[in-house]
Amino acid sequence: MTIAFVVQRYGLEINGGAELHCRWVAEHMKKYMPVEVLTSCAYDYITWRNHYPEGEEEINGIRVRRFPVSKARNPERFGRIQNRILENEHREQDELAWLEEEGPTSPKLIHYIRKNRTAYDYIIFFSYRYYHSYYGIQAAPDRAILVPTAEHDPVIHLKIFRDLFRMPRAFIYNSEEERAMIQSLSQNEAVPGLVVGVGTEVPSTFSAERFRKKHGLDGPYMIYIGRIDQNKGCPHLFDHFLRFKRETNSPVKLVLIGSTVLKIPAHPDVRHLGFLPEEDKFDALSGAELLVMPSFYESLSMVTLEAWALGRPVLANAKCEVLKGQCLRSNGGLYYENYGEFREALKLLLSDERLRAALGRNGQAYYDTNYTWDIVEHKYLKIMNDLGAAR
Amino acid sequence: MDSSKPKAAAKAAPIEIDYDRVNVAEIMAGIQKIAAEMPADIQKPGAATGVPLSSQGPAPASSGAAHSAPPALPQTDWSLEPQGPKQKVKKIVRRLMRPFFPVIRLLALPIHEELRATIKSLHETNVRLDELARLLHHQAEDADRKFDLDAQRMDRGELRLDLLEERLKDLDKSMEYIRLLHNLDHNLVVELTKLKIETDTLKSKVRILEKDQEHAQKRERALEEQVLK
């Protein structure tokens, strides 16, 4: 059995959620069967400009075939087209024009899939909303498996995706909420699907003390890890945190790890450390009182799973259904919908060490039951075996 | 500022947690209950002078409506309240005089001025209406003229259309005539071809007859020679 993974970007230096998810799954599945990756030459997810050379290369033992992007994305024009289709009545052609503009537009990749589809038993597409998935699944629907990595953002309501969600052989969802959302939108209950998610690479050793020493941190701190931008709910987090500090005089600090596109508030207890290596990230996470996850749109949140893998509790934005659902299923974190709930939940978490420990234990148990690599790999194998048996 | 803290802390206590079997849904229900009660706490006396929740600098949008409500002081009523014996007397006099206010207004205001103002206003309205009527009349006349011109143009256009129709009919006739000529041409060519073939056939027959005659003459001469011998 040979499988191919199709993803918008691929590389060791690419840290985007779906791309990293794809790479990790591909690297774990290679021990069971030959694995190839089909991707674009893009590195930058804003413009999709060709960065890597076209052709084949090997990354961590996996053959990667790169295809050029024929048209770089113009973010301004893309924004205009997106606003037009989201705010006005439109035709299917308009949605397809939006998809062309969104990219990464690589007709050569689609041509390759169409011509060589019989060389692969299954072709696993990551991220439903991009060009490669929409046209790639149509090129090989009989062997397509879709990992939609769908969030509750407005484009999921486009008509072209409703049809797309009925096309692949099977789905691999990241969460129960994602499955419910896609099924309610497209009524694709007939298409088999399994909630799988992704494992995480937890280093064998990590040290909170090392992190505190390296960055000169003392006292309790809560941590946010990820891109610091509007969609991740960071402005709300800053507002809530500063207000919490003013009202409670709590000594807690907010440590931010990740690249930023926002202005970070100038406050002595808000520490932005930028992008850190994996080792430092796990050191930081292990020493945190809790992980705060203010994002509105998540299809899984790998960093939440990492926090639970280390036994740390989570405080999540309840407006993201996936995060709230994960907290409720795992009993590993609290959530908030407004400042009042943020204040009370944070106050409770900071003041009650036993609760933090209990939530951390529950999160860890949830992670061990659902998201260790062994379990994730076997779920992937199961869905492929089930499809093979049904052929 | 500090007055709100112990209250919130005191309210956090009622959340009962079974640490061996933590139930997030139950904890959240408790937290939501406390959070829902929070605005009431802040509106209590003393809280308004504490943390200025409605003016939080970088977070003005997130402050709740209840937080930003001002202290419940009846400020507008307060400004009308009598403050001394003089105001009290004034208030009593005003209350006593209240039934006579319409009469006072009638006496105080000269009616003829009011009427004059009304008439003036009506006159101005009439003038404006006259002006509007005049303008309308002019516009109607312009429209009539334009209509007449348009009608004439249309008549001329119709005449042109009639002429064009006649020309089209002539053209149709010419085309029919040309078609007939074409057919005639064709038939003539066919007939000429037939005649040519017939001519060739007749010529061949003549040549054969000439040869037969030549042969007969030769035979005649030969027979004559034999007879004469």
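Letters go in sequence order (proteins before strands), and every chain restarts at 1.
Residue B:Y19 comes nearest to A:R361 through the heavy atom pair O-NH2, 3.8 Å, listed as atom of the first residue, atom of the second, then distance. The shortest heavy-atom contact between B:A35 and A:G340 is CB-C, 3.5 Å.
In this structure, chain B has no heavy atom under 4.5 Å from any part of A:F238.
Here the CD1-CD distance, from B:I15 to A:E344, works out to 7.5 Å after rounding to the nearest 0.5 Å. We find the CE-CD distance between B:M28 and A:E337 to be 8.5 Å, quoted to the nearest 0.5 Å. Considering CD1 of B:I31 and CZ of A:R343, their distance stands at 12.0 Å, rounded to 0.5 Å.
Atom CD of B:E124 is surrounded by more than 12 heavy atoms from other residues, nucleotides or ligands within 6.0 Å.
Contacts with chain B were tallied for A:G332, A:G333, A:P235, A:A357; A:G333 has the most, counting heavy-atom pairs under 4.5 Å. For chain B, the option among A:N338, A:L334, A:N331 with the highest count of heavy-atom pairs below 4.5 Å is A:N331.
With B:I27 as reference, A:L348 is the one residue of A:D352, A:L349, A:L348 to meet the side chain to side chain contact (heavy atoms under 4.5 Å, CB included) rule.
Side-chain contact check for B:V24 versus A:N362: every heavy-atom pair is 4.5 Å or farther apart.
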